[in-house]
Amino acid sequence: MLLRRLTNTSVCPRCSSGTETMDHLFRECPATIAVWRELSFHKFLQDNQMGFLQWLTWVFSQSSTPQHRIFCVAVWAIWGDRNNRLHKKDGKSGKEVGRFVHSYISDLDAVGKNRLQSSIPVKIWTKPVDKVVKINFDAAYDGRQSKAAIGVVARDKEGSVLLSCTEVHQRVPSAFGAEAIACRKALQIGVNLIGRVPEAAEIQAETERAKEPD
């Protein structure tokens with residue numbers, strides 16, 4: 001660490017005896033060995049002939065995916081404890097660091113479960129009943145530019161698109177205003193479709209053909 005200019009002393013701040021190197025900090029330091037024992041990772045310390053980077057690769061090749069998580073969090077925790085001892089004069093024992101690693105991973109798992117449970121359910125579009133046209137609308141709002149984009153689509157009982165449109169509106173005061181504009185456009189389309197759905201479908205087909213490249 002002294003050679004990397006990360007500290008002004010070569011003495012390990014965790015054990016106060018060994019020379020602080022990457023190998024010592026993460027494999028040889030007694031405080032670190034206690035962490036690996038607490039996490040049941042001490043078997044990965046048996047071969048000290050490998051360089052540090054080679055050792056990291058070897059550990060990943062010999063461990064499972066759940067062990068990868070524990071290993072990565074442990075390396076981070078060991079480095080954090082080293083910095084706390086160096087700069088704050090405060091540190092944890094090997095067992096305390098090991099318990100912190102298990103607690104941190106448990107918290108991560110809990111966050112993942114909460115996200116799955118609180119995720120917004122996706123609504124699947126359902127077909128309307130016979131002789132009914134279903135019109136859906138939505139809006140996106142950019143408050144910084146007071147700009148809104150709306151979209152409207154009308155489908156029959158088979159799900160075939162009869163009409164669709166998108167528009168961009170300027171000087172829209174709020175997200176509610178954007179939704180209101182989209183709703184108004186959907187109502188206008190609904191009124192225009194009354195009694196003339198076949199004609200509207202033909203107009204849409206002609207419009208799509210006109211947009212196709214030559």
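Keep in mind that the numbers below use all heavy atoms, side chains included, and drop hydrogens, waters and symmetry copies.
- At least one side-chain heavy atom of Leu39 sits less than 4.5 Å from a side-chain heavy atom of His102.
- Between the side chain of Arg37 and the main chain of Lys95, no donor-acceptor pair closer than 3.5 Å is present.
- No single ILVMFWY cluster, assembled from side-chain heavy atoms under 4.5 Å apart, contains both Leu162 and Ile150.
- A 4.5 Å side-chain heavy-atom check between Gln62 and Lys43 finds every atom pair outside the cut-off.
- Between Phe26 and Trp55, the distance separating the two ring centers is not shorter than 6.0 angstrom.
- The hydrophobic clustering, which links ILVMFWY residues whose side-chain heavy atoms are closer than 4.5 Å, places Ile78 and Trp76 together.
- Within a 6.0 Å sphere centred on CZ of Phe176, heavy atoms belonging to other residues, nucleotides or ligands number 12 at most.
- The backbone N or O of Ala77 lies less than 3.5 Å from no partner atom in the side chain of Asp81, so there is not a single donor-acceptor pair.
- In this structure His68 satisfies the ring pair (Phe, Tyr, Trp, His ring centres under 6.0 Å) test together with Phe60, sequence neighbours excluded.
- Note on Val168 and Ile189: separate hydrophobic clusters, where clusters join Ile, Leu, Val, Met, Phe, Trp and Tyr whose side-chain heavy atoms are under 4.5 Å apart, directly or indirectly.
- Leu187 belongs to no hydrophobic cluster with other residues, because no ILVMFWY side-chain heavy atom falls under 4.5 Å from its own, directly or through intermediates.
- Ser63 contributes a side-chain N or O that, together with a main-chain N or O of Val59, makes up a donor-acceptor pair within less than 3.5 Å.
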Can you list, pair by pair, the side-chain donor-acceptor contacts under 3.5 Å of residues 134-144, counting residues two or more places apart and other chains?
| unit_1 | atom_1 | unit_2 | atom_2 | d |
| --- | --- | --- | --- | --- |
| Lys134 | NZ | Thr126 | O | 3.0 |
| Lys134 | NZ | Thr126 | OG1 | 3.0 |
| Asn136 | OD1 | Trp125 | NE1 | 2.9 |
| Tyr141 | OH | Val172 | O | 3.0 |
| Tyr141 | OH | Pro173 | O | 3.1 |
| Tyr141 | OH | Ser174 | N | 3.4 |
| Asp142 | OD1 | Arg144 | N | 3.1 |
| Asp142 | OD2 | Gln145 | NE2 | 3.4 |

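- Ile181 and Val191 sit in two unconnected hydrophobic clusters of ILVMFWY residues. Membership requires side-chain heavy atoms under 4.5 Å apart, directly or through other members.
- Using bins of under 30°, 30° to 60° and over 60° for the plane-to-plane angle, the ring pair Trp58/Phe44 lands in the perpendicular bin.
- Formation of a donor-acceptor pair under 3.5 Å by the Asp156 side chain with backbone atoms of Ser160 is found in this model.
- Residues Cys15 and His24 come closest through the heavy atom pair SG-NE2, 3.4 Å.
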